[in-house]
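The structure appears below as structure tokens.
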Amino acid sequence: MANQEQTWTKTSWKSYHAHQQPNWPDQEAVDKVLAELTRLPPLVFAGEIRSLKALLAKAVTGEAFLLQGGDCSENFSQVSAPKIRETLKVLLQMAITLTYAGGVPVIKVGRIAGQFAKPRSSDTEKVGDMVLSSYRGDMVNDANPTPEDRIPNPKRMLKGYNMAASTLNLLRAFTRGGFAALHRVQAWNHEFVAQSPMGRSYDRLAKQIDQAIKFMETIGISMDTPQITQAQLFTSHEALLLGYEEALTRVDSTTGDWYDCSAHMLWIGERTRQIDGAHVEFLRGVLNPIGVKVGPDYELDNIKRLVEILNPDNEPGRLTLITRLGMNRIEKVLPPLLREMKREGMNIVWSCDPMHANTYTAESGHKTRNFNDILSELTCFFESHWAEGTVPGGVHFELTGEEVTECTGGARDIDDADLNLNYQTTCDPRLNAEQSLEVAFQIADMIRS
Ligand code: PEP
Ligand code: CO
């Protein structure tokens with residue numbers, strides 16, 4: 001049966017095929033974990049989710065801009081204060097750079113505090129002569145390439161919940177407790193980045209912001225307001241493990257509506273967005289802002305139907321289409337999509353993920369992405385929107401605050417031979433802190449108002 005014709009419940013997804021689910025060896029053990037998760041407190045509050053949706057509504061019309069980014073896949077072993085702080089720092093730096101250039105508020109959404117499950121193109125992977133179950137994210141199995149480590153273990157969902165809770169706790173402390181105050185905009189600069197051209201451009205910008213704050217203080221305007229002393233960071237992840245998402249889906253006692261309280265925003269990946277699939281069925285019924293990844297082989301009628309199912313009331317801020325088309329195909333395949341959605345009057349936040357369709361394997365065997373390819377997709381994204389009279393509403397990156405060597409290019413011109421210097425990702429290659437800031441400056445140049 002087509003979605004929409006049936007009443008939604010938080011378990012109605014079970015009548016549809018769920019792609020990309022782990023082959024849990026013991027269903028009873030899974031059910032036990034899910035029952036426990038159902039009893040545990042929600043990670044986010046519905047009121048926060050509604051605030052994010054209201055902000056995203058502004059990104060539909062260009063009165064705000066979405067910056068979404070973080071690890072491809074978070075690792076349990078990396079849930080530590082320094083790692084969380086560095087990711088937050090780079091997002092804050094990028095956001096301030098974009099705010100200054102674009103003249104509109106930047107909505108900061110991390111791929112963080114729950115990005116623990118990954119879709120894979122194949123169920124198995126060959127390592128040496130062994131055929132292993134694919135790594136599906138820390139919430140499912142261990143990346144370590146042995147047959148035992150790759151067995152899906154449902155207790156990992158419980159650990160994922162706890163890891164998300166402690167990450168979120170620290171993020172809330174940092175963003176509310178003074179770390180993210182605008183007075184500290186200079187202090188966010190990374191040591192590693194500070195000496196580079198990017199670091200120096202950032203420092204200049206930070207000084208200007210500092211002067212503006214000092215000036216306002218001098219003339220007696222109080223800077224002791226949340227707009228100056230606090231930042232707002234929302235969380236997001238791919239809603240992949242539907243059992244986990246269902247367990248964290250709760251009725252908001254203030255409105256009686258359903259929200260998936262595992263994160264503020266959830267997205268549906270390119271591999272799980274079938275209109276008759278379980279992921280679409282599940283997410284159509286929760287009121288969170290929803291993202292959908294759209295790859296270059298999309299069918300127009302299919303996307304139209306998807307938009308109707310996920311946003312039947314055409315509510316602004318509900319739906320973000322995250323296009324990931326590739327630098328070679330975007331110019332041809334993005335405009336028809338923009339034209340059709342505009343003709344239909346659909347309220348959409350258009351975001352560009354310039355990462356996922358620009359991945360290739362370097363000679364060294366590392367999965368990588370080149371900085372110029374990323375930039376080229378971004379440039380074409382903005383230009384296509386401007387040409388069609390639609391609004392480029394945001395960007396989506398895989399990035400880290402660490403000094404990794406996973407993507408080639410950028411100001412330090414990392415080349416293929418450098419990739420093994422500090423290649424850490426267990427999944428897709430991320431921009432490092434400096435490359436992230438550089439990409440923010442490049443976007444700033446494009447959108448300067
Ligand atoms: C991702 O965002 O990590 C991902 C798997 O993306 P996509 O669904 O676009 O391939
Ligand atoms: Co990825």
Side-chain angles (χ1 to χ4, degrees), residues 18-22 66-75 78 87 109-123 125 134-140 143 160 235-242 245 263 265-275 277-280 283 290-298 302-303 306 310 319-327 329-330 333-334 337 349-361 366-370 373-374 377-378 381 394-400 404 406-407 423-432 435-436:
H19 293 260
Q20 296 283 343
Q21 301 304 291
L66 167 66
L67 169 66
Q68 189 173 15
D71 291 324
C72 176
S73 160
E74 290 176 276
N75 295 125
Q78 299 272 309
T87 302
V109 180
R111 286 175 66 114
I112 199 166
Q115 176 56 16
F116 292 120
K118 298 305 299 173
R120 299 318 296 253
S121 30
S122 164
D123 257 341
E125 172 191 7
S134 295
Y135 169 61
R136 289 187 170 275
D138 270 13
M139 209 142 81
V140 176
T235 60
S236 71
H237 60 258
E238 176 170 351
L240 187 71
L241 298 182
L242 292 175
E245 301 302 336
M265 178 175 180
L266 286 316
W267 78 85
I268 311 180
E270 164 75 354
R271 293 167 191 78
T272 51
R273 61 171 173 76
Q274 301 79 8
I275 52 175
H279 291 82
V280 170
L283 284 158
I290 302 299
V292 181
K293 295 288 200 90
V294 180
D297 296 314
Y298 73 84
N302 182 271
I303 302 293
L306 197 53
L310 290 171
L319 189 64
T320 300
L321 290 184
I322 308 165
T323 58
R324 26 89 85 219
L325 304 168
M327 57 144 183
R329 296 186 61 192
I330 179 169
V333 300
L334 182 57
L337 183 60
V349 178
W350 290 104
S351 178
C352 175
D353 164 358
M355 314 296 291
H356 281 90
N358 292 313
T359 316
Y360 66 94
T361 305
H366 293 96
K367 221 174 164 189
T368 190
R369 294 158 175 159
N370 178 266
D373 297 351
I374 291 167
E377 177 156 359
L378 279 167
F381 171 79
V395 283
H396 183 118
F397 295 106
E398 288 184 340
L399 57 79
T400 174
V404 299
E406 296 170 5
C407 292
Y423 192 95
Q424 293 196 1
T425 183
T426 44
C427 203
D428 289 338
R430 302 159 296 175
L431 296 171
N432 64 28
Q435 291 169 326
S436 302

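These values consider heavy atoms only, across backbone and side chains, with no hydrogens, waters or symmetry-generated copies. Throughout, residue positions are numbered sequentially from 1 according to the sequence presented. Every number for a ligand or one of its atoms is a count from 1 in the order of the listing.
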OE2 (E398) to the Co ion (ligand 2) to SG (C72): angle, nearest 10 degrees? 90°
R111 to ligand 1: N or O pair under 3.5 Å? yes
In terms of ring plane angle, is the pair H366 and Y423 parallel, tilted or perpendicular, where the classes change at 30° and 60°? tilted
Nearest protein heavy-atom contact for atom 8 (O) of ligand 1: which residue, which atom, what distance? E270 N, 2.9 Å
Does any N/O atom on H396 come nearer than 3.5 Å to any N/O atom on ligand 1? no
Under 3.5 Å between any N/O of H356 and any N/O of ligand 1: does that happen in this structure? yes
If you measure from each non-hydrogen atom of E398 to ligand 1, which part falls under 4.0 Å: side chain, backbone, both or neither? side chain
Identify whether the distance between the nearest side-chain nitrogen and carboxylate oxygen of E238 and K293 falls below 4.0 Å. no
Any L431 side-chain heavy atom under 4.5 Å of M355 side chain: yes
Between the side chain of E406 and the main-chain N/O of N432, is any donor-acceptor distance below 3.5 Å? no
Do R430 and Q435 get their side chains close enough for a donor-acceptor pair, meaning under 3.5 Å? no
Could you tell me the angle subtended at the Co ion (ligand 2) by OD2 of D428 and NE2 of H356, rounded to 10°? 90°
Pair D138 + K118, salt bridge at N-O below 4.0 Å: no
Is any N or O atom of K118, backbone or side chain, closer than 3.5 Å to an N or O atom of ligand 1? yes
Can you tell me if an N/O/S atom from C427 lies under 2.8 Å from the Co ion (ligand 2)? no
